[in-house]
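Only one structure is covered here, and it is reproduced in the block below.
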Amino acid sequence: MNFLFRLWPAITSVVYPLAAAMFGGIALASALAPHDIEGLAFVMFAPVLAVASKQRPLIAIGLGLLTGLSAGASYVGWHHDTQRLFWAYLPFLWVAVIMAALCLLSSRLRGASPGAWMLAIATTAVAIEFATTLAPLPINIAVAVYKLWPLLALSSITGIWGASFVVWLCNAFVASVIVCGRFGQAHWKAVGASVVAVVVWYFLLLSMGTSRTHLVTVAAIQDFTGDETMSLTEPPKVPGDREAMSKAVAATMDVSPFTVIVWSEECLGSSFHTDNPRDETVKLVRKIGVPLVVGYNDDAKPKPHNLAAWLSPEGKILGVHRKEHLYLGESETIQAGKGGEAFDTPWYKAGLEVCFDTNYTGVTREEVQKGAQIILVPNYDPPTPRGTLHYLHASLVPFRAAENSVPIVRCDSNGLSQVIDRMGNVVAQGPLYQPATVRGTVAISHPESRTYFTRFGDWFAWLCVLGAVGLVRRNTGRRPTPPTLRAGPSPS
């Protein structure tokens, strides 16, 4: 018995850090769609950040990696298709890298004031997220809170980076309280600063005012066939092949007239030719008298483009967008386009994007700057276990809408097609891995209205980069004594 008492401190020194890391991973998985327990997002990493502040650097790094990997294991699980499994785990590998960096930073910031510690953690996290836009797959922790209106509204000023900053700062705040063991004066100052920030945020929103709007009706048709999902799901009872797509369009027209119908990415392949009057799609759009947005490939050299086109009721192309951001190995067979455009339709100015373009802030912002009042997106997310990429992508796109106050219609052949209003609210969303027609009505703004983010872009992300560099340089270096955060005096 005495032996166990002597061994207990050593056991707890291992169990507590591992439990904190595992809690962070499981909590993140629970906060993400489709579980949507958003409240966990604000505390999920606090225990592991607190524990890491008292660990050696290599152990802190290991705890961060374990957090990301446990999130992937909880969310994705296991599947025998290793390629699709890798695609599903890739976002969580990024989370593991970010958490490893933050846990290392936490262990190196011993002796820093709580305010500096919290800001260093939050700004560094956002700076790393911003850096991932240069990598094959960007990552934003804000996808865990995509349903929270205050953070969507904040993104119209700061972009998605502000929402991520709030999530990271809340986690750092709770971790700081845990490390200090009490609610010190510095924490009250942080609360006061947060109240001031909320007031400033509110008046900035008011200063943007309201613009004249009118309603448009839209539809997205999921042409799911089950060919690509293989063992991930059961084959659909009614496949969404080309004939089924035409029937779905006809059924949609029987319900009500829609201003525009969106089809999925590359749904027409290389067979689409508008100069051929016998083209089946041209004949269909002339028959129904409603414009279609379609995805297809051209015959450009040295590689084809992946395109989205607005096809008018007369069968003519009014606007074309060439996919700008290519996903992973797509560059081996497709060449990237350049720049986003806005083009005139009989009702409004529209912008087109293709799938992965919506993972980046620049394309949507550029099109809205040029006058786009609605964004239409043919999409194709690779099927993955539990629909991982579909759910993560569907949680990201609302921020693109809220950042620029522009509605977005996104059609994915494999599911979770969306109609999103200009505030970032999901008006309608299709089921996963099933054929469906997703309908909705959204308001579009006057083309002259602009959010702060549309005007100034990623200014907040750059501010976080500068803040992280300054705070980390100032508060790291020689290890201070004692090895804990200085809570400061309690308020009298």
Side-chain angles (χ1 to χ4, degrees), residues 17 20 24 41-57 59-61 63-64 67 97-131 141-142 154 158 161-201 459-492:
F42 301 100
V43 298
M44 56 190 175
F45 297 136
V48 70
L49 289 173
V51 169
S53 69
K54 301 179 181 180
Q55 304 295 327
R56 295 178 180 178
I59 296 177
I61 291 173
L63 291 175
T67 302
V97 171
I98 293 175
M99 287 305 301
L102 295 181
C103 287
L104 173 62
L105 179 61
S106 178
S107 72
R108 298 290 295 166
L109 288 175
R110 298 178 183 181
S113 67
W117 191 88
M118 290 184 286
L119 285 175
I121 293 293
T123 55
T124 301
V126 175
I128 297 174
E129 285 189 11
F130 188 41
I141 205 65
L154 176 63
T158 63
W161 318 111
S164 285
F165 178 82
V166 171
V167 173
W168 288 115
L169 186 62
C170 287
N171 278 273
F173 179 87
V174 176
S176 174
V177 174
I178 294 173
V179 173
C180 294
R182 57 189 173 89
F183 208 89
Q185 189 177 58
H187 301 111
W188 284 110
K189 289 181 179 179
V191 171
S194 299
V195 172
V196 173
V198 169
V199 173
V200 172
W201 160 79
W459 67 272
F460 189 81
W462 285 111
L463 183 64
C464 286
V465 171
L466 295 176
V469 171
L471 288 165
V472 171
R473 288 187 61 183
R474 183 176 179 178
N475 292 281
T476 57
R478 186 177 62 181
R479 182 176 297 175
T481 302
T484 183
L485 296 180
R486 294 181 286 104
S490 299
S492 55

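If you're wondering where the values come from, they're calculated on a predicted model, not measured in any experiment.
Residues F460 and V465 fail the side-chain proximity criterion, which asks for heavy atoms closer than 4.5 Å. Put simply, the side chain of P114 does not reach to within 4.5 Å of the side chain of F173, judged on heavy atoms. In this structure the side chain of W161 never reaches within 4.5 angstrom of the side chain of C464, judged on heavy atoms. Looking at heavy atoms from C-beta onward, Q55 lies in side-chain contact with P17 at the 4.5 angstrom threshold.
For the side-chain contact (heavy atoms from CB on, under 4.5 Å) test with W117, the passing option among L471, N475, L49, L105 is L49; the others fail.
Judged purely by distance below 3.5 Å, without hydrogens or angles, the side chains of E129 and S164 pair a donor atom with an acceptor atom.
Using cut-offs of 30° and 60° on the angle between ring planes, the pair W168 and F45 is parallel.
Residue S53 comes nearest to V179 through the heavy atom pair OG-CG2, 3.4 Å, listed as atom of the first residue, atom of the second, then distance. When every heavy atom of I178 is checked against every heavy atom of A50, the shortest pair comes out as CG2-CB, 3.8 Å. The two residues A60 and C103 make their nearest non-hydrogen contact at O-CB, 3.1 Å. When all heavy atoms of L154 and A163 are compared, the pair lying nearest together is CD2-N, 4.0 Å. Considering every non-hydrogen atom in both M118 and A172, the closest pair reads CG-O, 3.7 Å. Shown here for L102 and I121, the closest heavy-atom pair between the two residues is CD2-O, 3.6 Å.
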Checklist entry - For M44 and I141, what are the C-alpha separation, side-chain angles and deciding distance, and is it a side-chain contact (heavy atoms from CB on, under 4.5 Å)? => result CA-CA 11 Å; M44 56 190 175; I141 205 65; 3.8 Å; yes
Next on the checklist: Could you go through T158 and F165, starting from their C-alpha distance and side-chain angles, then the distance that decides it, and tell me whether this counts as side-chain contact (heavy atoms from CB on, under 4.5 Å)?
Outcome noted: CA-CA 10 Å; T158 63; F165 178 82; over 6 Å; no
Item to check | Pair V177-R182, side-chain contact (heavy atoms from CB on, under 4.5 Å): steps then yes or no | outcome: CA-CA 6 Å; V177 174; R182 57 189 173 89; over 6 Å; no
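Within the model, atoms OG of S176 and CG of L169 stand 10.0 Å from one another, a figure rounded to the nearest 0.5 Å. From F130, atom CZ reaches atom CH2 of W462 across 4.5 Å, with rounding to the nearest 0.5 Å. Here the CG atom belonging to L104 is positioned 9.0 Å from the CG atom belonging to L109, to the nearest 0.5 angstrom.
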